[in-house]
Amino acid sequence: MSRRLNVAAAVLCALLCAVLASPLGATEDLVQFESTEQQQLYRQLTAELRCPKCQNQNIADSNAVVAVDMRNKTLELVRQGQTHDQVIDFMKQRYGDFVHYQPPFQLSTIWLWLLPILAVLSLAFTVFRRSKSSQASEAPATETTGLDAELQAMIDAASAKSKE
Amino acid sequence: MRKTVFYVPLAAFLLLSLFLLSGLFSDPRDHGSALLEKPLPAFSLPDLQQPNRQISAADFRGEVTLLNVWGVWCPTCNAELAFLTTLRQQGVRIVGLYYVQPVDAAFGEKFDLPTLQQQVRDKLAEQGDPYLFNVVDEQRSLIFDLGVTGAPETFVIDREGVIRHHHVGDINPQNWPQLQRIYQQLQQGADHVPTP
């Protein structure tokens with residue numbers, strides 16, 4: 001009985017190994033490059049290009065059909081010796097500016113650069129104004145020294161009177 | 001001075017609120033098409049049911065056409081087939097661009113045209129057939145050149161073969177009136193179409 005169990009366990013173990021091993025081997029997509037420059041370019045491009053189907057993933061990170069197709073196309077273009085800008089332009093012609101994480105500098109996107117500068121400038125201006133106005137509000141405090149002296153004089157006068 | 005110090009942050013806050021509020025009603029999938037007002041990319045792909053017949057961009061000249069990207073694997077596409085069929089009966093020219101899902105060699109899948117033809121025939125017999133013909137894009141080359149991100153998507157192509165409108169998602173009785181306006185204006189030879 002225990003022998004039968006052993007055989008069953010061995011068969012199960014072998015099956016499990018076979019099932020586990022096959023897809024693991026299959027999912028390792030090794031991409032071959034002619035040079036390290038091409039490899040670096042491919043890595044940079046797949047990190048910079050945005051998957052148009054996903055909400056916020058680059059194409060290296062996504063397994064959506066369109067992201068896989070874009071990775072393959074990027075690889076093909078890099079292997080053809082195309083430059084970074086050429087590949088980006090190729091993708092933008094098809095999928096629009098959305099596809100690149102670096103937005104283009106144009107009239108409709110100028111606020112992306114202007115707004116932070118304006119925010120910092122207006123904050124600096126506010127801080128400057130406030131520090132100035134607080135300095136200005138310190139000025140009346142010097143007047144109270146005059147009042148203090150007056151009060152002191154009154155106290156002195158009163159105490160002199162009480163001594164008499 | 002004191003008043004402006006109060007109103008400037010309030011105005012900034014209100015503007016930000018309006019901006020974020022408008023974001024609630026925008027469709028994140030809709031980021032326009034880079035191909036609007038451009039001619040259909042050059043291609044030569046077989047007819048799905050008659051693979052000997054090659055279809056090219058020239059087949060889209062002369063008539064306003066809806067190019068509908070779909071696949072039997074896509075539930076939303078299947079849901080719109082019946083409505084598209086009623087549009088065909090009203091005389092709308094609809095051509096299908098069949099989106100072939102990638103095959104996974106690791107699981108023994110391979111592209112098999114006769115099986116696909118049968119699947120498409122069965123599906124269209126069941127749901128209705130809106131298509132004049134279907135273009136089959138096995139390598140997804142035209143699909144890539146059109147900037148298609150998924151299915152269903154529909155391109156409105158004018159008589160000159162120029163892409164004039166791009167619609168992401170299904171076509172249904174609710175959104176058809178907008179598309180119909182564009183379709184009819186293009187039929188009358190309009191140079192400018194309303195942007196919905």
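Letters go in sequence order (proteins before strands), and every chain restarts at 1.
Applying the 6.0 Å contact sphere to CD of Gln80(A) captures more than 12 heavy atoms from other residues, nucleotides or ligands. Applying the 6.0 Å contact sphere to CG of Leu24(B) captures more than 12 heavy atoms from other residues, nucleotides or ligands. By the neighbour-count criterion of 12 heavy atoms within 6.0 Å, atom CZ of Arg130(A) is sparsely surrounded, having that number or fewer from other residues, nucleotides or ligands. Atom CZ of Arg43(A) is surrounded by 12 or fewer heavy atoms from other residues, nucleotides or ligands within 6.0 Å. The local environment of CD in Glu34(A) is sparse, with at most 12 non-hydrogen atoms from other residues, nucleotides or ligands closer than 6.0 Å. The number of heavy-atom neighbours closer than 6.0 Å to CZ of Arg61(B), taken from other residues, nucleotides and ligands shown, is 12 or below.
Closest heavy-atom contact between Ala34(B) and Gly96(A): CB-N, 3.4 Å.
In the hydrophobic clustering of ILVMFWY residues, with side-chain heavy atoms under 4.5 Å counting as a link, Val168(B) and Val95(B) come out apart. Hydrophobic clustering of Ile, Leu, Val, Met, Phe, Trp and Tyr side chains at less than 4.5 Å, counting indirect connections, unites Leu132(B) with Leu179(B). By the rule that hydrophobic residues join a cluster once side-chain heavy atoms approach within less than 4.5 Å of another member, Phe6(B) and Phe13(B) end up as members of one cluster.
Using a 4.5 Å cut-off between heavy atoms, Gln101(B) contacts chain A through its side chain alone, with no backbone atom that close. When heavy atoms are compared at a cutoff of 4.5 Å, Met91(A) approaches chain B solely by way of its side chain, counted from C-beta outward. Both the backbone and the side chain of Tyr95(A) come within contact range of chain B, judged by heavy atoms closer than 4.5 Å. Proximity to chain B (any heavy atom under 4.5 Å) is restricted, for Gln55(A), to the side chain, taken from C-beta onward. Looking at Lys73(A), only its side chain comes within 4.5 Å of chain B, counting heavy atoms on both sides.
Of the residues considered (Val66(A), Val68(A), Val99(A), Val65(A)), Val65(A) shows the highest number of contacts with chain B, using heavy-atom pairs under 4.5 Å.
Residues of residues 142-157 of chain B that come closer than 4.5 Å to chain A, counting heavy atoms only, are Ile143(B), Phe144(B), Asp145(B), Leu146(B), Gly147(B), Val148(B), Thr149(B), Gly150(B), ordered by residue number.
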